[in-house]
**Student:** 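One structure coming up, written as structure tokens, with questions to follow.
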Amino acid sequence: AQSVAQPEDQVNVAEGNPLTVKCTYSVSGNPYLFWYVQYPNRGLQFLLKYITGDNLVKGSYGFEAEFNKSQTSFHLKKPSALVSDSALYFCAVRDGMTTDSWGKLQFGAGTQVVVTP
Amino acid sequence: GAVVSQHPSWVICKSGTSVKIECRSLDFQATTMFWYRQFPKQSLMLMATSNEGSKATYEQGVEKDKFLINHASLTLSTLTVTSAHPEDSSFYICSAPRAGRQTEQFFGPGTRLTVL
């Protein structure tokens with residue numbers, strides 16, 4: 001079984017300040033981890049993924065995430081937030097051992113990010 | 001980057017009618033596409049996997065006779081909500097992985113369905 005938790009429904013940050021969106025996961029095997037962003041009435045846009053390799057993953061729009069196996073976390077970070085970063089962010093996990101369809105990602109509930117000018 | 005489109009972007013229909021939603025991969029071929037449903041302020045739930053040239057694979061609890069999926073070509077999958085009811089109102093999103101890049105899905109912009 002696989003699960004993912006985003007403990008914060010909403011994160012508020014002032015423009016220019018660091019942004020962190022938290023994600024923890026649970027899988028049986030090795031995790032494949034993803035971050036997506038969704039703007040209102042839009043589909044999801046891929047930000048970054050961790051499959052294997054370096055624990056620090058750099059993605060689109062200046063975002064990065066750090067895979068921490070001991071804490072089973074994959075927090076999303078951006079050093080300096082922009083107002084345009086205001087959106088809904090989803091963490092997703094897939095058990096690397098599963099033979100399920102690649103569409104069968106387990107998505108978190110989402111975290112609304114609000115960046116104020 | 002790869003682009004996936006959906007049509008229509010929104011649709012309002014009367015209860016009892018059927019609605020077809022199209023999902024197209026615009027610049028790549030997709031032998032597999034995925035259909036998700038998203039309720040307001042909630043996460044995405046995988047409904048089914050659409051397979052080109054074969055039957056779709058439905059997730060547990062999804063009625064295959066109600067949500068008809070057809071993967072007519074390598075760039076087109078359709079989801080038909082038959083005999084729609086107000087509880088079918090939702091945001092439907094499709095996605096497709098580029099061949100050889102299964103770890104990265106490209107999502108469509110979604111279709112907002114409202115059943116009156």
Side-chain angles (χ1 to χ4, degrees), chain A residues 1-10 21 23 25 30-53 57 59-61 67 87-114, chain B residues 1-10 21 23-25 30-51 56-60 62 69 71 77 90-114:
Chain A
Q2 53 197 26
S3 65
V4 60
Q6 293 180 243
E8 301 155 316
D9 292 336
Q10 182 165 316
V21 186
C23 171
Y25 66 88
N30 292 323
Y32 292 178
L33 295 154
F34 305 82
W35 275 103
Y36 292 88
V37 60
Q38 184 180 33
Y39 296 96
N41 294 311
R42 300 289 300 276
L44 274 64
Q45 295 179 32
F46 171 80
L47 283 178
L48 50 78
K49 65 183 178 186
Y50 172 82
I51 304 298
T52 186
V57 179
S60 306
Y61 314 119
F67 170 62
L88 187 59
Y89 291 79
F90 289 101
C91 180
V93 67
R94 172 184 169 83
D95 190 331
M97 297 296 291
T98 185
T99 56
D100 285 340
S101 158
W102 273 98
K104 203 162 186 176
L105 296 176
Q106 183 68 49
F107 285 88
T111 298
Q112 183 69 46
V113 170
V114 178
Chain B
V3 177
V4 174
S5 70
Q6 283 184 241
H7 178 80
S9 55
W10 59 270
I21 302 170
C23 177
R24 292 182 185 272
S25 56
T31 55
T32 301
M33 291 182 174
F34 305 108
W35 287 96
Y36 295 86
R37 185 172 178 177
Q38 184 181 26
F39 292 99
K41 298 186 178 182
Q42 292 190 32
S43 190
L44 281 73
M45 297 297 295
L46 179 67
M47 298 175 64
T49 301
S50 174
N51 304 299
T57 305
Y58 290 82
E59 293 301 303
Q60 191 172 9
V62 178
I69 290 174
H71 200 134
S77 174
S90 192
F91 196 50
Y92 292 88
I93 302 174
C94 72
S95 73
R98 192 198 295 265
R101 296 176 64 177
Q102 295 289 329
T103 60
E104 193 169 318
Q105 294 186 59
F106 300 96
F107 285 81
T111 296
R112 173 77 59 193
L113 170 63
T114 302

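Chain A is the first sequence line, chain B the second, and so forth, proteins listed ahead of strands; every chain is numbered from 1.
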**Student:** What is the ring orientation for A/F46 with A/Y36, classed by angle as parallel under 30°, tilted 30 to 60°, or perpendicular over 60°?
**Tutor:**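 Ring orientation of A/F46 relative to A/Y36: perpendicular.
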**Student:** Please flag which part of A/Q112 lies under 4.5 Å from any non-hydrogen atom of chain B: side chain, backbone, both or neither.
**Tutor:** neither
**Student:** For B/A96, which residues count as a side-chain contact (heavy atoms from CB on, under 4.5 Å) partner, sequence neighbours excluded?
**Tutor:** B/V4, B/F28, B/A30, B/M33
**Student:** Who are the side-chain hydrogen bond (donor to acceptor under 3.5 Å, both in side chains) partners of A/T111, not counting sequence neighbours?
**Tutor:**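 A/T111: side-chain hydrogen bond (donor to acceptor under 3.5 Å, both in side chains) contacts with A/Q6.
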**Student:** Between B/T111, B/I93, B/L44, which residue shows the highest count of heavy-atom pairs closer than 4.5 Å to chain A?
**Tutor:**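 Heavy-atom pairs under 4.5 Å are most numerous for B/L44.
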**Student:** Examine whether an atom of B/Q38 lies under 4.5 Å from a heavy atom of chain A, and if so say whether it belongs to the side chain, the backbone or both; otherwise answer neither.
**Tutor:** side chain
**Student:** Can you establish whether the number of heavy atoms outside A/Y39 located under 6.0 Å from its atom OH is more than 12?
**Tutor:**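 Correct, the count exceeds 12.
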